Amino acid sequence: MNHERTIGVIGGGQLARMMQAAAIGLGLRLRLLAEGADVSAARAVPDTVVGDYTDPATVGGFAAGCAAVTFDHEHVPTPILHELEAAGVAVRPGPAALVHAQDKAVMRARLAALRVPCPAWRVVDSPADLVAFADAIGWPVIAKTSRGGYDGKGVWKIVDAAGAAEPFAALAGPLGPTERPPTDADAHVPRPVIVAEEYVPFVRELSALVVRGADGAVVAYPVSETVQRDGICHETTTPAPGLDAERERAIVALATRIAGELGVVGVLAVELMERPDGGVVVNELAMRPHNTGHWTIDGARTSQFENHLRAVAGLPLGPTDLRAPVVVMSNVLGGTRTDLVGALDRLFTAFPDARVQLYGKDVKPGRKVGHVTVYGDDLAVVQARARAASDFLEGRPGALSDTLDETR
Ligand SMILES: Nc1ncnc2c1ncn2[C@@H]1O[C@H](COP(=O)(O)OP(=O)(O)OP(=O)(O)O)[C@@H](O)[C@H]1O
Ligand SMILES: [Mg+2]
């Protein structure tokens, strides 16, 4: 076995699954640390270890023999990552960078020090303190847990004093994707706190995706417009419509600077909110392939998954150009249709140009179970086709032409 080519991936979601497709082409061998034997990536990666990513011995055993370790999610406790590094495993991105994607209070403080535009914010320690922040900055405000949130869980819009208790009540309960008993590593992980932020009346959300190699070289994808509902990404359009070249360059330069300052290796996604005056502020950072970059599988010359793995494996990064003038990605969120594979015949008959990724997950309401990408010349056409194709996979009536029988 050639250990030098084994890359460990912690977390068995769809991001790890899509990394596997890229790994095959690069001749890299993935080893997966998964939450269960039947999670999305475990169904695609033969070398899967089922275990708890918060248990130091489990993670240490998993990583032994891996040339590098990377992530499907950002929830691995920092002390475990330090232990891996001490054992000689390359952790990419490393713990010092990753903490900015793990902890929104740390992220805000660092970005403020780097003079990166952010919403007004501060850590608040009680409902009364949150109310005081809102009185000073103006209602409504946003409250977030500093750690453990995902897909909008752990984000609250606070409209009045009566709502200020809820985020603090949630701190007492379990957060994050896995509810589990505490382990030794938890003792070294800071407790989540509540970060209060100015409510940004954004006109749209944008995402800047860059990839930084182990040697410091950075490549950047065109900036995407993203549509989030209830904290979940529904759709991306690339390039972001109406974003002029000068603002695009400024956003890419900002994301590139953040990647360098934080020492990221791999994908850095910078989620942005665009203000009515055209200015942008950073919402948050992710240091792994990101939902707003799924369009790159079909719409860019190198996918974010391949470029992430190239960075992690120490290879030069690939070109990020678009394959067509417009690329739209539409998430498939679990709906009434449960057999997605069984729907492909009709889907591809109606939409031969639809590019589909299915995550091998059981369909549950609202769950991310796949995505569709369409690219072409005309924004309205491409957007309509991507939406109709994902609507069809979600089981929405009328998504295909009326002449087709939806019940089949
Ligand atoms: N300060 C703000 N003002 C207005 N809206 C905000 C603000 N912060 C966040 N939001 C909205 O809430 C969404 C979720 O926020 P955020 O990205 O911080 O949460 P998350 O749960 O960590 O999401 P993710 O799934 O991206 O990890 C944002 O995409 C945006 O739509
Ligand atoms: Mg987010």
Side-chain angles (χ1 to χ4, degrees), residues 11 13-15 71-75 98-112 116-124 130 133-134 136-159 163 166-167 170-171 174-178 192-209 223-236 240 255 258 267-277 279-294 304 329 331 333 366-368 371:
Q14 64 268 19
L15 303 179
F71 309 96
D72 165 271
H73 60 67
E74 45 260 322
H75 301 298
L98 192 64
V99 66
H100 301 92
Q102 294 177 315
D103 190 314
K104 286 174 172 158
V106 173
M107 178 268 292
R108 284 277 178 246
R110 184 68 185 275
L111 293 185
V116 170
C118 288
W121 71 282
R122 76 177 166 81
V123 172
V124 289
L130 178 54
F133 174 84
I137 207 89
W139 294 83
V141 293
I142 294 283
K144 301 180 178 183
T145 67
S146 57
R147 285 178 169 266
Y150 68 104
D151 282 351
K153 294 180 179 64
V155 177
W156 298 267
K157 183 177 177 182
I158 310 296
V159 298
E166 194 187 343
L171 275 190
L175 281 166
T178 47
V193 296
I194 297 298
V195 176
E197 292 182 359
E198 157 201 4
Y199 180 80
V200 179
F202 59 78
V203 291
R204 61 175 172 173
E205 294 186 72
L206 300 171
S207 174
L209 203 73
V223 174
S224 302
E225 176 176 329
T226 82
V227 178
Q228 317 276 325
R229 279 179 223 128
D230 301 326
I232 293 182
C233 178
H234 279 246
E235 187 177 289
T236 70
I258 294 170
V267 170
L268 170 71
V270 181
E271 298 181 7
L272 301 151
M273 296 179 278
E274 187 179 64
R275 291 188 186 275
D277 67 2
V280 294
V281 290
V282 171
N283 173 35
E284 65 162 345
L285 308 177
M287 292 178 199
R288 48 168 170 75
H290 194 249
N291 200 160
T292 63
H294 288 356
Q304 64 164 348
M329 186 284 318
N331 267 350
L333 303 173
R367 189 182 201 196
K368 289 177 183 173
H371 70 259

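Counting convention: from 1, in listed order, for ligands and their atoms alike. Along the sequence shown, residues are numbered consecutively beginning with 1. Only a predicted model underlies this, so the values are computations on that prediction, with no experimental measurement involved.
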Practice problem: Please determine, by modelled atom types, if Thr236 and Ser224 share a side-chain donor-acceptor pair under 3.5 angstrom. | Solution: no
Quiz item: Protein heavy atoms: any of them under 4.0 Å from atom 4 (C) of ligand 1?
Solution: yes
Quiz item: What atoms of ligand 1 come within less than 4.0 Å of a heavy atom belonging to Glu271?
Solution: 17 (O), 26 (O)
Exercise. Just give me the atom name: the N, O or S atom of Glu271 closest to the Mg ion (ligand 2).
Key: OE1
Exercise. Enter the distance from Leu272:CG to Glu205:CD here, rounded to the nearest 0.5 Å.
Key: 9.5 Å
Quiz item: Starting from atom 27 (O) of ligand 1, which protein heavy atom do you reach first, and at what distance in Å?
Solution: Glu284 OE2, 3.0 Å
Self-check item: Region of Glu205 that comes within reach of ligand 1 [heavy atoms, distance under 4.0 Å]
Solution: side chain
Quiz item: Between atom CG of Asn291 and atom NE2 of His371, what is the distance when rounded to the nearest 0.5 Å?
Solution: 8.0 Å
Practice problem: Check each of Arg147, Arg110, Arg108 against Asp103 using the side-chain hydrogen bond (donor to acceptor under 3.5 Å, both in side chains) test, and report the only one that passes. | Solution: Arg147
Exercise. Could you tell me whether some N/O pair between Tyr199 and ligand 1 is separated by less than 3.5 angstrom?
Key: no
Practice problem: Give the intermediate values and the outcome of side chain to side chain contact (heavy atoms under 4.5 Å, CB included) for residues His234 and Asn331. | Solution: CA-CA 5 Å; His234 279 246; Asn331 267 350; 5.5 Å; no
Exercise. Could you list the atoms of ligand 1 found under 4.0 angstrom from a heavy atom of Gln228?
Key: 29 (O)
Self-check item: Nearest protein heavy atom with distance in Å, relative to atom 20 (P) of ligand 1
Solution: Lys104 NZ, 3.5 Å
Self-check item: Cationic N near anionic O, under 4.0 Å, Glu197 to Lys104
Solution: no
Quiz item: Any side-chain heavy-atom pair from Pro167 and Ile158 closer than 4.5 angstrom?
Solution: yes
Quiz item: the Mg ion (ligand 2) is nearest to which N, O or S atom of Glu284?
Solution: OE2
Practice problem: Please say whether Val155 places an N or O atom under 3.5 Å from an N or O atom belonging to ligand 1. | Solution: no
Exercise. Check each atom of ligand 1 against the heavy atoms of Glu198 and keep those under 4.0 Å away; list them by number with element.
Key: 1 (N), 2 (C), 3 (N)
Quiz item: For ligand 1, is any non-hydrogen atom under 4.0 Å from Asn283's backbone (N, CA, C, O), its side chain (CB onward), both, or neither?
Solution: side chain
Practice problem: Quick one: pull up OH in Tyr199 and CH2 in Trp139 and give me the separation to the nearest 0.5 Å. | Solution: 14.5 Å
Self-check item: Contact with ligand 1 for Phe202, non-hydrogen, under 4.0 angstrom
Solution: yes
Quiz item: Taking N or O atoms only and a 3.5 Å limit, does Lys144 qualify as a polar contact for ligand 1?
Solution: yes
Quiz item: Does Asp72 use its side chain to pair, donor to acceptor, with the backbone of Leu15 at less than 3.5 Å?
Solution: yes
Exercise. Note the single closest protein heavy atom to atom 10 (N) of ligand 1, along with its residue, its atom name and the distance in Å.
Key: Met273 SD, 4.3 Å
Quiz item: Please state which protein non-hydrogen atom is closest to atom 13 (C) of ligand 1 and give its distance, to 0.1 Å?
Solution: Gly231 CA, 4.3 Å
Quiz item: Within the side chain of Asp230, is there an N or O that forms a donor-acceptor pair under 3.5 Å with the backbone of Ile232?
Solution: no
Practice problem: Distance to 0.1 Å, residue and atom name: give those for the protein heavy atom nearest to atom 21 (O) of ligand 1. | Solution: Gly152 N, 2.7 Å
Quiz item: Looking only at heavy atoms, is any part of Ile142 under 4.0 Å from ligand 1, and if so is it the side chain, the backbone, or both, or is it neither?
Solution: side chain
Practice problem: Starting from atom 25 (O) of ligand 1, find the nearest protein heavy-atom neighbour and note its residue, name and distance. | Solution: Asp151 N, 2.7 Å
Quiz item: Which value, rounded to the nearest 0.5 Å, describes the distance between Arg122 atom CZ and Glu198 atom CD?
Solution: 14.0 Å
Quiz item: Can His290 and Glu271 be counted as having a side-chain donor-acceptor contact under 3.5 angstrom?
Solution: yes
